[in-house]
Amino acid sequence: MTNEQGLREIISPSPEVLESAIINNRAVLANMADQDLERFWEEQAKEFVWFEPWKKVLDESQKPFYKWFVGGSTNIVYNCLDRHVLSWRRNKLALIWEGENGDQRTFSFHALNREVCMFANVLRSMGVRKGDRVTIYMGRIPELPIAMLACAKIGAVHSVVYGGFSVEALHGRIEDSQSNVVITCDGSFMNGKVVELKKIVDEALKRCATVEHVIVVKRTGQPVTMEAGRDYWYSDLMGLPVARTANGASRCETEEMDSEDPLFLLYTSGTTGKPKAILHTHGGYMVGVATTLKWVFDLKEEDRYWCSADPGWITGHSYIVYGPLLLGATSFMYEGAPSYPYPNRWWSLIEKFGINVFYTAPTAIRGLMRFGEAWPNRHDLSSLRLLGTVGEPINPEAWRWYYDVIGKGRCPIMDTWWQTETGMFMITPMPETPLKPGSATKPFPGVEADVYDENGNPVETGEEGYLVLKRPWPAMLRTIYKDPDRYVSQYWKRFPGVYFTGDSARKDKDGYFWIIGRVDDVIKVSGYRLGTAEIESALVSHPAVAEAAAIGLPHEIKGNAIHAYVILRAGYEPSEALIEELRNHVGHEMGPIAKPEKITIVPQLPKTRSGKIMRRVLKARAQGLPEGDLSTLEE
Ligand code: WT7
């Protein structure tokens, strides 16, 4: 079934869903926001504790450098932890965790706050101050959110690097952010194996000298090298008097932050080889993330919520760590692989912990789908009330399976379109929205999306074009760290005055958006965003490679798979062994997710006369499709 056929199917919310939904007047809210955007967001901001109220909701005077809740001061961590600890929620579970090996840990708001306070004191004692950058590179264990929150609490700016990245990706991100402190763990369990994170950190640090301290959480217990004077065990530090106040309390003052003070950097891939450090702030991000999570996932006090993403990506930042805590919800986190030891692991976890709201990615659904219905059918999934998906367009088959087999036809699926840059859901259903499988439906209230042609004119209904966002939103990125010019040129130049998403899309006659995919040099592999240029530079860093080009080709489970073409340097002979070595080299430098599916050794690459590789020609040739306009192709 294609998306076209999917277009005809509409799934209306059941009476039960409608009755219990927090929001049942989406159109009214959208109208309010259209009429007075500032007032709309101001109302939502009042849900939080501000040390100092804002003087202006939105300052557009230096656009596209928009500012939100100007003059206000708060700290997102105060709203995630401090205020809950002062309320009845103190003893409510904030986090339930299960390791791949079956270990279990739980944290009440009190316990989570205690760990965060103590670790914040440790960081302060190491000299970490407001505005300093700290790199976090860990597996999915509770200390990952603890480290993020501890940084934010004292005003430091965290930069989480996904634990599936490797040496060069980590090195580049540590160096660009100029972090003095790196927080990691010895290793983590994934698919029955140990990922040797500390070893990768050691190798990355050989390439950059700025890091003074490495804090290591013991997770797997495998032997690691600890460099005296640089590396410290987390548990040792937490046992020191510096982790407490002078009178021994496990408390730490939360730093007052300006609304616009940076909260975190998160690197994401773009058109050039250098990943972009997307910068988010305390005030607007907090308001945008909490409001969207509450309205879209309909998250209630008594819910148990599970987002299966990794905290190392924006999904995890917004909807594992900050969003659920802001709402005082109970969230579940799992360390390992979905099919370990058997393909029922996720379904067994949903049953075991009574998960009500489950959020995952199409690639994971497709991956688990191929093992058959018997695995989920062995489990009682009746606790589920609502499902979510993100990362890439969901194909109708996967949608149906998710809806019928996992949700038993009862749970609406929230297909949330957003980006690292947007910080929050932008085009998304709410429980009350009639669903069309494969469509992210409509813009969130206050969000104005459109589809433009080459010249910046809206296309006809149903036509494909460039997806743009026409009004600012509170959780929007503020800039690219240290590179404001690139911020302007990447997002605001293509169509002056509007934000260009890098995606193509269609809008149907009901105003529903259908995302098609990236139109830039970004490849979505299993929902992970990778830049062709980064993969190419990893290839070229191998002595045998003179030139390389990477493209994405359709893949049944991953959505897209990386295919690379390389020209060898003189003196190297093509061989299967060399191809395998190159694949492993990319895996070692970038991470296993970036390992090309296939590498082809070629004598030359199609280029323009000015020397730019024409990846679209490679892509067309590989798929046996028409090669399109070749007038710029060099002979
Ligand atoms: C790109 C952003 C934001 C969370 C994870 C990805 C694609 C994201 C959807 C969706 C179709 C989607 C877009 C977007 N994308 N969600 N529901 N339907 N496509 O964040 O790594 O910054 O990637 O993911 O292409 O631009 P990201």
Side-chain angles (χ1 to χ4, degrees), residues 2-8 30 34 37 60 63-64 66 269-272 276 392-394 415-422 425-428 436 438-444 446-473 476-477 486-524 529 531-532 551-552 554 559-560 608 610 612-620 623 625-633:
T2 64
N3 270 352
E4 292 297 339
Q5 287 165 311
L7 253 166
R8 284 188 224 119
D34 281 349
L37 187 69
E60 305 192 77
K63 64 184 176 194
Y66 294 92
S269 304
T271 307
T272 70
K276 306 175 278 192
E392 56 177 323
I394 180 162
D415 180 349
T416 58
W417 178 89
W418 58 297
Q419 311 178 298
T420 305
E421 291 88 341
T422 70
F425 305 153
M426 299 299 284
I427 301 179
T428 174
K436 300 185 188 186
S439 168
T441 78
K442 297 180 175 194
F444 191 81
V447 173
E448 199 184 333
D450 209 344
V451 182
Y452 278 4
D453 67 14
E454 286 295 335
N455 305 315
N457 300 313
V459 299
E460 298 286 327
T461 302
E463 294 284 316
E464 180 174 340
Y466 301 104
L467 181 66
V468 297
L469 301 169
K470 294 162 79 172
R471 292 179 103 180
W473 61 98
M476 66 196 299
L477 77 165
R486 193 170 172 203
Y487 166 69
V488 177
S489 65
Q490 280 276 313
Y491 303 108
W492 303 93
K493 272 265 163 68
R494 182 78 177 73
F495 303 110
V498 305
Y499 172 89
F500 176 44
T501 62
D503 280 359
S504 62
R506 282 184 289 126
K507 190 162 84 168
D508 71 18
K509 60 177 189 345
D510 300 324
Y512 277 46
F513 284 80
W514 298 77
I515 311 298
I516 296 163
R518 301 289 309 191
V519 290
D520 53 7
D521 296 320
V522 166
I523 311 179
K524 278 278 182 158
R529 177 164 160 184
T532 49
I551 59 168
N560 296 285
T608 61
S610 57
K612 262 187 79 176
I613 296 170
M614 294 179 81
R615 294 191 190 82
R616 71 169 171 85
V617 173
L618 284 170
K619 220 170 149 161
Q623 295 176 277
L625 296 171
E627 292 178 18
D629 180 6
L630 295 181
S631 58
T632 56
L633 188 70

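Being a predicted model, the structure only gives us computed values, none of them experimental. FYI, the numbering just counts along the sequence from 1.
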### Query
Is the backbone of S504 close enough, under 3.5 Å, to the side chain of R518 for a donor and an acceptor to pair up by distance?
no
### Task
Tell me, yes or no, whether the heavy-atom count around E460 atom CD, taken from other residues, nucleotides or ligands under 6.0 Å, exceeds 12.
no
### Query
Just wondering, are more than 12 heavy atoms of other shown residues or ligands nearer than 6.0 Å to NZ in K470?
yes
### Task
With I515 as reference, evaluate I394, D503, D415, T501 under the side chain to side chain contact (heavy atoms under 4.5 Å, CB included) test and give the passing residue.
D503
## Note on the structure
Exactly one candidate in R506, K442, K507 meets side chain to side chain contact (heavy atoms under 4.5 Å, CB included) with F513; the answer is K507
### Query
Do K276 and E421 meet the salt-bridge criterion of a basic N to acidic O distance under 4.0 Å?
yes
### Query
Would you call E454 and R494 a salt bridge, taking side-chain N to carboxylate O under 4.0 Å as the test?
yes
Which heavy atom of [X] sits nearest a heavy atom of [Y], and at what distance?
X: E60; Y: P472; value: OE1-CG, 4.1 Å
X: V522; Y: S269; value: CG2-O, 3.6 Å
X: K619; Y: I551; value: CA-CD1, 3.6 Å
X: T428; Y: F444; value: CG2-CD1, 4.0 Å
X: N560; Y: I523; value: CB-CG2, 3.9 Å
X: D510; Y: K436; value: OD2-NZ, 2.6 Å

With rounding to the nearest 0.5 angstrom, report the [atom1] to [atom2] distance, [X] to [Y].
X: L618; Y: I613; atom1: CG; atom2: CD1; answer: 8.0 Å
X: E392; Y: W417; atom1: CD; atom2: CH2; answer: 15.0 Å
X: F425; Y: Q419; atom1: CZ; atom2: CD; answer: 14.0 Å

### Exercise: do S610 and T608 side chains pair donor with acceptor under 3.5 Å
yes
### Message
Please tell me whether Y66 and W473 have a donor and an acceptor in their side chains that are separated by less than 3.5 angstrom.
### Response
no
### Query
Is there a side-chain contact (heavy atoms from CB on, under 4.5 Å) between R529 and T420 once you walk through the steps?
CA-CA 10 Å; R529 177 164 160 184; T420 305; 4.0 Å; yes
#### Entry: Intermediate values then yes/no, ring pair (Phe, Tyr, Trp, His ring centres under 6.0 Å), Y452 and Y466
CA-CA 5 Å; Y452 278 4; Y466 301 104; 9.1 Å; no
